[in-house]
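Below you'll find the structure, written out as structure tokens, and then a few comments.
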Amino acid sequence: MPNPFAPELLIEARGPIRIVTLNRPEALNAANETLHDALIAVWRHLADDPEVRAVVLTGAGQAFSAGGDFEHFVELWEDRPARRKDIDGARRLLNEMVDFPLPVVAAVNGAAVGLGCNLAVCSDIVLIAESAFISDPHVSVGLTAADGGAPTWPLLMGMLRAKEYLLTSERIPADKAVELGLASRVVPDRELLDQAIALAEKLAKQPPQAVQSTKRALNMHIKRAVAGVLEYALAEEFASFDTPEHQELVRKFLARSKAREAERQAS
């Protein structure tokens with residue numbers, strides 16, 4: 001099938017496997033509006049392809065995904081319809097991934113932050129490179145942790161640990177992510193994609209009805225855990241964009257980024 005999501009989202013066919021790659025390496029695969037829309041739509045696109053049996057999800061360059069685009073955050077302060085679209089998109093993305101019938105192997109090749117973290121933990125098996133880390137920094141930038149952390153982390157790692165890492169926004173290195181239950185196993189950086197593809201190929205050889213119905217049964221636990229929590233958290237995240245704390249934190253982040261870029265160009 002042709003790929004309607006290029007160049008932001010690449011799809012490579014390898015027999016019954018599809019390798020889906022977030023492709024904004026210059027921005028560490030942070031999600032702009034185009035990439036976010038593609039990430040929502042790609043799951044039904046793949047499910048409609050009768051030849052697909054498993055998916056590998058990864059990022060181009062040095063990061064899996066650095067999360068949201070801070071410049072876009074500024075746009076959302078005044079453009080409330082666009083903010084509503086983004087919040088609705090976050091809901092749709094989580095639901096599309098949970099409802100996607102085929103097994104997804106995340107190959108976390110670098111930083112998986114915010115949206116990137118949520119993409120990883122909503123996959124079915126998560127291989128994480130030794131140099132990679134996971135973080136949900138919503139709270140540290142003045143936003144409610146909504147679409148991934150608050151609904152799913154307590155189910156994966158337990159409530160007390162989820163509270164610690166979500167409220168502090170602390171980075172979680174690869175080995176700790178496995179210990180906590182956010183990743184399946186740590187893989188040497190150079191072997192990550194090969195091991196993810198090999199695992200996807202193994203899944204693709206399993207009886208498809210058994211694989212898909214078992215995944216659906218397992219994800220019923222997630223759907224029940226998410227119900228209610230997601231709606232509340234997303235409503236609060238929508239309101240978070242109006243708080244002076246969030247706006248000041250974003251301004252400081254952008255100022256630091258511009259200063260670093262100016263120094264780089266001057267050197």
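It should be emphasised that the depicted structure is a prediction, and the values quoted were computed from it without experimental measurement.
Residues Leu182 and Val126 are not in side-chain contact: their nearest non-hydrogen atoms beyond the backbone lie 4.5 Å or more apart. With a 4.5 Å cut-off on side-chain heavy atoms, Val226 and Thr152 count as touching. Taking the side chain as every heavy atom from C-beta outward, Arg171 and Lys176 never approach each other to under 4.5 Å. Here the side chains of Gln206 and Lys202 are not in contact, with every heavy-atom distance at 4.5 Å or above. Using a 4.5 Å cut-off on side-chain heavy atoms (C-beta onward), Cys117 and Trp153 make contact. Side-chain contact between Leu9 and Asn23 is absent, with no heavy-atom pair separated by less than 4.5 Å.
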Decide side chain to side chain contact (heavy atoms under 4.5 Å, CB included) for Ser169 and Asp136; before the verdict, give the C-alpha distance in whole Å, the side-chain angles of both, and the deciding distance to 0.1 Å. CA-CA 6 Å; Ser169 300; Asp136 188 331; over 6 Å; no
Please lay out, stage by stage, how Leu143 and Glu237 fare under the test side chain to side chain contact (heavy atoms under 4.5 Å, CB included). CA-CA 6 Å; Leu143 294 175; Glu237 184 175 9; 4.3 Å; yes
Asn109/Leu193 under side chain to side chain contact (heavy atoms under 4.5 Å, CB included): CA gap, chis, key distance, verdict: CA-CA 8 Å; Asn109 56 301; Leu193 189 57; over 6 Å; no
Take Leu22 and Leu119 through the test side chain to side chain contact (heavy atoms under 4.5 Å, CB included) and record every step on the way to the result. CA-CA 11 Å; Leu22 282 70; Leu119 289 170; 3.9 Å; yes
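The pair Arg80-Asp242 meets the salt-bridge criterion, since a charged nitrogen lies less than 4.0 angstrom from a carboxylate oxygen. The pair Lys223-Asp99 counts as a salt bridge, with a side-chain nitrogen and a carboxylate oxygen less than 4.0 angstrom apart. Using a cut-off of 4.0 Å between Lys/Arg side-chain N and Asp/Glu carboxylate O, Arg91 and Glu231 are scored as salt-bridged. Checked for salt-bridge contact, Glu96 and Arg44 meet the test: a charged N lies under 4.0 Å from a carboxylate O. Here Glu263 does not pair with Lys258 in a salt bridge; the nearest charged N to carboxylate O distance is not below 4.0 Å.
Ile87 and Leu93 fall into different hydrophobic clusters, where Ile, Leu, Val, Met, Phe, Trp and Tyr residues are linked whenever their side-chain heavy atoms come under 4.5 Å apart, directly or through other members. Placement of Leu234 and Leu155 within a single hydrophobic cluster is found when ILVMFWY residues are connected by side-chain heavy-atom separations under 4.5 Å, directly or transitively. When hydrophobic clusters are built by joining Ile, Leu, Val, Met, Phe, Trp and Tyr residues whose side-chain heavy atoms come closer than 4.5 Å, directly or via intermediates, Leu192 is not grouped with Val55. A continuous path of Ile, Leu, Val, Met, Phe, Trp and Tyr side chains, each step under 4.5 Å between heavy atoms, connects Phe64 with Ile128, placing both in one hydrophobic cluster.
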Side-chain polar contacts of residues 35-43 - donor-acceptor pairs under 3.5 angstrom, sequence neighbours left out - could you list them?
residue, atom, partner, partner atom, Å
Asp37, OD1, Lys85, NZ, 3.2
Asp37, OD2, Lys85, NZ, 3.4
Trp43, NE1, Leu39, O, 2.8

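Residue Glu130 qualifies as enclosed at atom CD: its count of foreign heavy atoms under 6.0 Å is above 12. Within a 6.0 Å sphere centred on CD of Glu78, heavy atoms belonging to other residues, nucleotides or ligands number 12 at most. Heavy-atom contacts from other residues, nucleotides or ligands closer than 6.0 Å to CD of Glu261 number more than 12.
Partner of Ser123 under the side-chain contact (heavy atoms from CB on, under 4.5 Å) criterion, out of Val105, Asn118, Leu57: Leu57 alone. None of Thr21, Ile19, Val20 except one satisfies the side-chain contact (heavy atoms from CB on, under 4.5 Å) rule with Glu12; the exception is Ile19. Applying the side-chain contact (heavy atoms from CB on, under 4.5 Å) test between Pro103 and each of Asp124, Val56, Leu199 identifies Asp124 as the sole match.
Between the Arg161 side chain and the Leu180 main chain, no donor and acceptor come within less than 3.5 Å of each other.
Phe5 meets the ring pair (Phe, Tyr, Trp, His ring centres under 6.0 Å) test with His45; sequence neighbours excluded.
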